[in-house]
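Contents: one structure, followed by commentary.
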Amino acid sequence: MEQGHVHKSHKQVLNRLARIEGHVRSVRTMVKNNRDCPDVLIQIAAIRKALDNTAKVILKDHLEHCILRAVQAGSVDKSIVDFETAIDRYLR
C-alpha cells in the first residue's frame with residue numbers, strides 16, 4: 001500500500017481523532033475521580049462509536065481514492081488483498 005498520499009478527508013479524520021483523544025482523557029479523569037461505572041461505560045461506548053464513525057470515513061476515502069487508483073493502474077489484485085487484510089483486522 002502506498003504511503004505519503006493525502007486523502008480528501010485527511011483533515012476531517014485528524015479533527016475526529018483529536019476529539020476522540022480528548023474524550024479518552026476525560027474518561028481517564030472520570031475513572032481517576034471514581035465516577036460511577038455506568039457513567040464511564042456510557043462514555044466508553046461513545047468513544048467506540050466515534051472511532052467506528054472515523055473508520056467509516058477512512059474506509060470511504062480508501063475506496064474512493066486508493067482502490068479507484070489501483071483499478072486505473074491495473075494493480076487491483078494487491079490493493080484488494082491489502083484492503084481485505086485491513087478489514088479483517090479492523091473487524092476482529
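For clarity, every value in this text was computed on a predicted model and none was experimentally measured.
Partner of K56 under the side chain to side chain contact (heavy atoms under 4.5 Å, CB included) criterion, out of T54, N53, I58: N53 alone.
Taken to the nearest 0.5 Å, the CG atom of L68 stands 11.0 Å off from the NE2 atom of H62. To the nearest 0.5 Å, the span separating CZ on R16 from CD1 on I20 amounts to 7.5 Å. With rounding to the nearest 0.5 Å, the separation of SG in C37 from CD1 in I42 is 11.5 Å. Within the model, atoms CE of M30 and NE2 of H23 stand 7.5 Å from one another, a figure rounded to the nearest 0.5 Å. Remark: E84 CD to S79 OG distance equals 10.0 Å, nearest 0.5 Å.
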Practice problem: Decide yes or no on side-chain contact (heavy atoms from CB on, under 4.5 Å) for L17 and E21, but give the supporting numbers first. | Solution: CA-CA 6 Å; L17 291 172; E21 183 180 20; over 6 Å; no

Determine, stepwise, if the pair Y90 / D52 fulfils side-chain contact (heavy atoms from CB on, under 4.5 Å). CA-CA 10 Å; Y90 176 72; D52 284 343; 2.5 Å; yes

Is there a side-chain contact (heavy atoms from CB on, under 4.5 Å) between E64 and K8? Walk through the geometry before answering. CA-CA 10 Å; E64 291 175 354; K8 70 177 183 176; 3.1 Å; yes

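Note on L59: it clusters hydrophobically with I67, by side-chain heavy-atom contacts below 4.5 Å among ILVMFWY residues. Hydrophobic clustering keeps L91 apart from V81 (ILVMFWY residues linked when any side-chain heavy atoms are closer than 4.5 Å, directly or through intermediates). Taking hydrophobic clusters as Ile, Leu, Val, Met, Phe, Trp and Tyr residues chained together by side-chain heavy-atom distances below 4.5 Å, V57 does not share a cluster with L14.
Applying the salt bridge (charged side-chain N to carboxylate O under 4.0 Å, His left out) test to R19 and every residue at least two apart in sequence or in another chain returns nothing.
With respect to D82 and K78, a salt bridge is recorded, a charged nitrogen being found less than 4.0 Å from a carboxylate O.
D61 and S9 get closest at one heavy-atom pair: OD2-N, 3.1 Å.
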